Asks: 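I have a structure here, written as structure tokens, and I will follow up with some questions on it.
Bear in mind that the values here come from a model prediction, so they are computed numbers and not experimental data. The basis for the numbers below is simple: all heavy atoms, side chains too, and nothing from hydrogens, waters or symmetry mates. Letters A, B, ... mirror the listed sequences (proteins, then strands); counts begin at 1.
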Amino acid sequence: MNLATRDIRHNLGRFTLTTLGVGMLLMIVMGMGGIYRGIIEDATLLADRIGADLWIVQRKTRGPFAEISRVPPNLVHRALAVPGVQRAREFAYHTVQRERRGKPLRIAVLGLSWPTDKGHWIPLTAGRPLAQAHFEMIADKSLGLSLGEKVNLGKETYTVVGITSSMISSSGDGIGFFTVADAQAIQFDIPGEAVRLERASREARGLRTELTAKQPALLENVYRPAAELPQIARPQVSAVMVSVASPADLERVANVISGWGDVSVFTQEQQRQLLLRGTVEKVRRQIGLFRVLLTIIAAVIMALILYTLTLDKIHSIALLKLIGAPNSTILGLILQQALVLGAMGYGIAYLLGQRVFPNFPRRVILTDADLLQLAAIVLAISFISSLLGIWKALKVSPNEALS
Amino acid sequence: MTVLAAPENSPTFAIETRQLTKVYGAGNIEVVAMRNATMQVRCGEVVALLGPSGSGKSTFLTAVGLINPPTTGQVYIGGQLVHDGPAAYGNLRTFRRRHIGFIFQKSNLIPFLTAVENVQIALQLNGASHHAARRRSLELLDYLGVGDRADNLPAALSGGQQQRVAVARALANRPGVILADEPTAALDGQRGRQVMELFAQVAHEQQAGVIVVTHDHRSLDVFDTIYEMEDGAMQRQQHRNQ
């Protein structure tokens with residue numbers, strides 16, 4: 001005769017509510033683990049998926065994900081000249097915030113090196129990669145943009161031609177993929193009045209030089225677009241990504257580039273570690289510690305619940321002892337209930353989580369390894385938290401059945 | 001009657017106590033709850049234990065029931081020394097399970113088990129199989145007139161029905177000793193007498209020694225021997241054959 005199931009059957013309503021409570025608590029523990037995993041995944045997503053073997057960044061900076069990095073776009077050609085380099089691409093990356101239907105719209109703007117990179121590596125759920133050098137974008141679905149939607153950024157209008165999913169920046173913003181030129185146009189967009197003031201300033205500077213006094217026609221240049229002036233450099237990019245021909249070339253190419261005085265170079269794994277140890281380190285640790293705390297709290301709450309359930313049965317336990325029930329019977333009663341409570345709580349946590357977590361603003365990733373780990377933790381919690389109840393039950397004297 | 005068949009090789013005395021003394025506390029706050037209580041209960045004998053509240057009846061019953069060890073004195077069950085002072089011989093819980101049946105003033109059924117399960121558990125704890133235990137439990141409940149309530153939880157039974165289920169549980173393992181502490185307190189006169197007569201029947205048919213603590217003087221004619229306790233001391237008052 002299984003006493004644990006008989007007791008549960010007798011107090012089904014209360015046990016169900018208790019299990020639901022434990023389940024919701026475990027769902028929070030599970031969710032914290034998922035948020036922790038999501039932060040790591042989001043932080044390293046770009047570095048992992050973009051497929052660059054080496055990242056060339058501004059000298060003594062840690063790359064575009066950690067801080068501002070500026071390198072000249074012609075660095076691409078210098079990199080391509082290094083033996084062993086198969087491909088070099090510009091990388092422009094920054095975040096903008098605009099208004100859309102009265103709500104803030106934050107886009108992590110990522111520039112693709114047109115025409116070598118049209119975004120074929122991006123996993124699309126709808127639409128297509130970029131097909132022209134300007135005015136097209138691929139949007140992560142978390143941005144809430146629909147296929148074919150027009151978005152005004154800077155002075156231009158961009159059409160959403162592709163939708164992707166789970167492409168999130170380390171700060172949780174959805175990524176919008178543009179060509180590098182468009183990404184820079186969005187980044188360096190300045191109002192018309194500022195352009196007019198700059199041109200007036202150029203003219204004033206020109207009037208003060210001897211050269212324009214001798215050749216007044218030079219002053220006509222001040223009204224031409226900046227991109228047409230050879231004296232003004234092209235806007236800089238955030239980094240240059242390099243793919244090597246074979247893994248054997250990686251170290252050699254990195255050694256060559258690290259010898260250049262104006263840049264630093266990182267491997268993909270180094271960039272990944274910089275992201276984990278830099279940008280998201282504090283958040284990661286905070287969530288991790290919070291998860292540990294929640295696990296301890298869950299253990300304490302489960303111990304109190306099981307202790308209370310044992311106290312409710314103390315008279316029955318004394319009676320069982322009186323009629324000669326061995327300790328194993330009483331221990332089994334409490335331990336089995338603890339395991340049923342833990343197992344059902346875990347099941348409820350998982351089922352609720354499947355429905356609730358997709359509605360969270362940031363990704364909650366439940367990996368099989370994490371779920372198995374939590375199952376083992378719940379098993380251990382159930383066992384440990386039942387010890388208090390078992391201790392109380394074993395201490396009860398059969399005399400108490402007579403009181 | 002097979003339901004109440006006697007165990008084989010019954011000893012002469014089902015219960016024997018020698019000079020049982022129980023002292024609670026120590027030093028200046030010592031309280032002597034029982035002093036030199038001696039009793040012999042033959043197999044098949046039904047004994048009533050009378051006495052005012054606080055006279056030591058329950059202390060004596062718990063000492064004989066191997067729940068509350070005496071400070072000094074010996075307890076023999078079925079001719080076997082079980083307690084010599086606080087020292088116990090053997091596993092008391094196993095001994096209780098095999099040899100002693102308890103009935104209390106309140107029915108003391110396990111609330112989350114049905115009537116039949118409350119009887120069945122005593123049998124299963126003693127090694128009976130599920131089917132054998134259920135069959136005997138239903139036989140006992142039928143015998144005690146509550147077979148039709150076998151699948152009801154205790155909360156759905158009247159006080160009298162609960163008490164009969166408790167009696168069935170006490171009888172389930174055919175114990176050599178039955179200890180009852182005011183078992184008829186919650187019953188009306190007629191039911192109370194029926195229960196007392198049942199004890200006598202069980203004692204005689206099963207050759208068990210039965211001690212019943214009672215205040216119910218109307219049923220004293222049922223008992224073979226009557227003892228009375230006062231201030232912790234035991235006195236034999238009357239024997240039916242004397």
Asks: Go through the atoms of A/Asn327 and report whether side chain, backbone, both or neither lie under 4.5 Å from a heavy atom of chain B.
Replies: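 Both the backbone and the side chain of A/Asn327 come within 4.5 Å of chain B.
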Asks: Do the ring planes of B/Phe95 and B/His99 sit parallel (below 30°), tilted (30 to 60°) or perpendicular (above 60°)?
Replies: tilted
Asks: Just so I know, are the side chains of B/Met39 and B/Ile15 near enough to count as touching, which here means a heavy-atom distance under 4.5 Å?
Replies: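 Sidechains of B/Ile15 and B/Met39: no contact.
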Asks: A quick test of your reading: do over 12 heavy atoms of other residues, nucleotides or ligands sit less than 6.0 Å from CZ of A/Phe383?
Replies: no
Asks: If you count heavy-atom pairs within less than 4.5 Å of chain A, which of B/Gln124, B/Arg93, B/Glu117, B/Arg97 leads?
Replies: B/Arg93
Asks: Side chains of B/His83 and B/Leu92: does their closest heavy-atom pair fall under 4.5 Å?
Replies: yes
Asks: Select one option (side chain, backbone, both, neither) describing which atoms of A/Leu3 are under 4.5 Å from chain B's heavy atoms.
Replies: both
Asks: Answer yes or no: is there an ion pair linking A/Asp7 with A/Arg14, defined by an N-O contact shorter than 4.0 Å?
Replies: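 Not counted as a salt bridge, because no side-chain N and carboxylate O are separated by less than 4.0 Å.
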Asks: Is B/Ile121 in contact with chain A via its backbone, its side chain, both, or neither, using a 4.5 Å heavy-atom distance?
Replies: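 For B/Ile121, heavy atoms of backbone and side chain both lie under 4.5 Å from chain A.
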Asks: Which residue out of B/Arg98, B/Arg96, B/Gln120 racks up the most heavy-atom pairs below 4.5 Å with chain A?
Replies: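 Among B/Arg98, B/Arg96, B/Gln120, the one with the most close pairs to chain A is B/Arg96.
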Asks: By a 4.5 Å heavy-atom criterion (distance strictly below it), what part of A/Leu322 contacts chain B: side chain, backbone, both, or neither?
Replies: both
Asks: Can you tell which of A/Ser316, A/Gly324, A/Ala318 has the highest number of heavy-atom pairs within less than 4.5 Å of chain B?
Replies: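 Ranked by contacts with chain B, first place is A/Gly324.
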Asks: Using a cut-off of 6.0 Å, state whether more than 12 heavy atoms not belonging to A/Asp368 lie near its atom CG.
Replies: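 No - once you tally the heavy atoms of other residues, nucleotides and ligands closer than 6.0 Å, there are 12 at most.
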Asks: Compare all side-chain heavy atoms of B/Phe102 with those of B/Asn108 and state whether any distance is below 4.5 angstrom.
Replies: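 B/Phe102 does not reach B/Asn108 side chain to side chain.
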Asks: Counting only heavy atoms closer than 4.5 Å, note whether A/Lys321 contacts chain B via side chain, backbone, both or neither.
Replies: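 Its backbone and side chain both get close to chain B.
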Asks: For B/Ile100, is it the side chain, the backbone, both or neither that has a heavy atom under 4.5 Å from a heavy atom of chain A?
Replies: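 No part of B/Ile100 comes within 4.5 Å of chain A.
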